[in-house]
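Below is one structure, written out as structure tokens; the observations come after it.
Residue numbers count from 1 along this sequence. When a ligand or atom number is given, it counts from 1 through the structure's own listing order.
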Amino acid sequence: MIVTKQKILDDIIKKIKGSVFIFGCGICSDTSRTGGPKEVEAMRKTLESNNIKVNGAYVIDAMCHLQKVKKAIRDNKEGIESSESVLVLSCGSGVQSAVNSINLIDKHKKIVSGVDTMFIGNIESLSSLKEMCSLCGQCVLNETSGICPVTLCPKGLLNGPCGGMKNYKCEVDENLDCVWVKIYERSSIQNSLEDIKKIASPKDYSVKQPVGSIKFKGSH
Ligand code: SF4
Ligand code: SF4
């Protein structure tokens, strides 16, 4: 899931022009506690207490799903049309779903992002989200026994450990186990030490698409 954090309220308010309609996202922003039903309602009350008229609010189950966003815009036409601004409490992908969809009906409407997009996170518990993949576009998990050095080593080292590892701990943060020790231990158990004995080449960023997109053949 995409992890987000709310922007500073004053910064959001400064960007809102006139009255506003609020969109939330029922998947990632709900789990991040930045744009689910509770946070959307709290934002509505906060904006109203700052004398900003709120013409409606709606939580879409996935703001990154363009077709769902278009349908939500049709279903909330009145509230959106009567607002000068639309505040979106979802990741940057969801904000751009709103920009693309609302642009088709009104190019002048101000779209305001209410959160900062942080990382793709694994849900450890309802109150703990952890980054385990940074979407590098050239996955090395098959060579590292399924543990990601790109994300979990603070230096992103493809060949480790670095010279700073001490007592199996990371030199950048001594509270962390060195991820390359974990990779070594798991590779030993998995009989795949040969994989990490090979020097990994620098990542080939030329294979990464400048703008990530994928098209599937046929229906799902
Ligand atoms: S190497 Fe790490 S950052 Fe890259 S795709 Fe694999 S898990 Fe994600
Ligand atoms: S000690 Fe290990 S985890 Fe820390 S920066 Fe060096 S290689 Fe990466």
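- Counting atoms of ligand 2 from 1 in the listed order, those under 4.0 Å from a heavy atom of Lys155 are 5 (S).
- Both the backbone and the side chain of Val140 come within 4.0 Å of ligand 1, judged by heavy-atom distances.
- Ser134 N, 3.2 Å is the protein heavy atom nearest to atom 3 (S) of ligand 1.
- Salt bridge status for Glu185 with Lys182: absent, with no side-chain N to carboxylate O gap under 4.0 Å.
- The Cys178 neighbourhood of ligand 2 comprises atoms 1 (S), 2 (Fe), 3 (S), 7 (S), with distances under 4.0 Å to a heavy atom of that residue.
- Of all protein heavy atoms, the one lying nearest to atom 4 (Fe) of ligand 1 is Cys136 SG, 2.3 Å.
- By the rule that hydrophobic residues join a cluster once side-chain heavy atoms approach within less than 4.5 Å of another member, Met43 and Ile60 end up as members of separate clusters.
- Closest approach of Asp30 to Gly36, counting heavy atoms only: OD1-CA, 3.5 Å.
- Atoms of ligand 1 lying under 4.0 Å from any heavy atom of Leu135, numbered from 1 in the order shown and given with element: 3 (S), 8 (Fe).
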For this session: Please lay out, stage by stage, how Ile105 and Lys77 fare under the test side chain to side chain contact (heavy atoms under 4.5 Å, CB included).
Result: CA-CA 10 Å; Ile105 53 171; Lys77 196 166 177 268; over 6 Å; no
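- For Cys162, the closest heavy-atom approach to ligand 2 falls below 4.0 Å.
- The hydrophobic clustering, which links ILVMFWY residues whose side-chain heavy atoms are closer than 4.5 Å, places Ile111 and Ile73 together.
- Metal site remark for atom 2 (Fe) of ligand 2: Cys153 contributes no N, O or S atom at a distance under 2.8 Å.
- With respect to the salt-bridge test (charged N to carboxylate O, under 4.0 angstrom), the residues Arg44 and Glu41 qualify.
- Interface atoms of ligand 2 facing Glu171, defined by a heavy-atom separation under 4.0 Å, are 1 (S), 4 (Fe).
- Of all protein heavy atoms, the one closest to atom 8 (Fe) of ligand 1 is Cys133 SG, 2.3 Å.
- Every atom of ligand 2 is numbered from 1 in the order shown, and the set under 4.0 Å from a heavy atom of Val179 is 3 (S).
- Within ligand 1, counting atoms from 1 as listed, the ones closer than 4.0 Å to a heavy atom of Thr151 are 3 (S).
- Looking from atom 6 (Fe) of ligand 1 to the surrounding protein, the closest heavy atom is Cys139 SG, 2.4 Å.
- Those atoms of ligand 1 that come under 4.0 Å of a heavy atom in Cys148, given as number and element, are 1 (S), 2 (Fe), 3 (S), 7 (S).
- The hydrophobic clustering, which links ILVMFWY residues whose side-chain heavy atoms are closer than 4.5 Å, places Val20 and Leu9 together.
- Closest non-hydrogen pair, Ser97 versus Val69, comes out as CB-CG2, 3.8 Å.
- A donor and an acceptor atom, one from each side chain of Ser90 and Ser29, are nowhere located under 3.5 Å apart.
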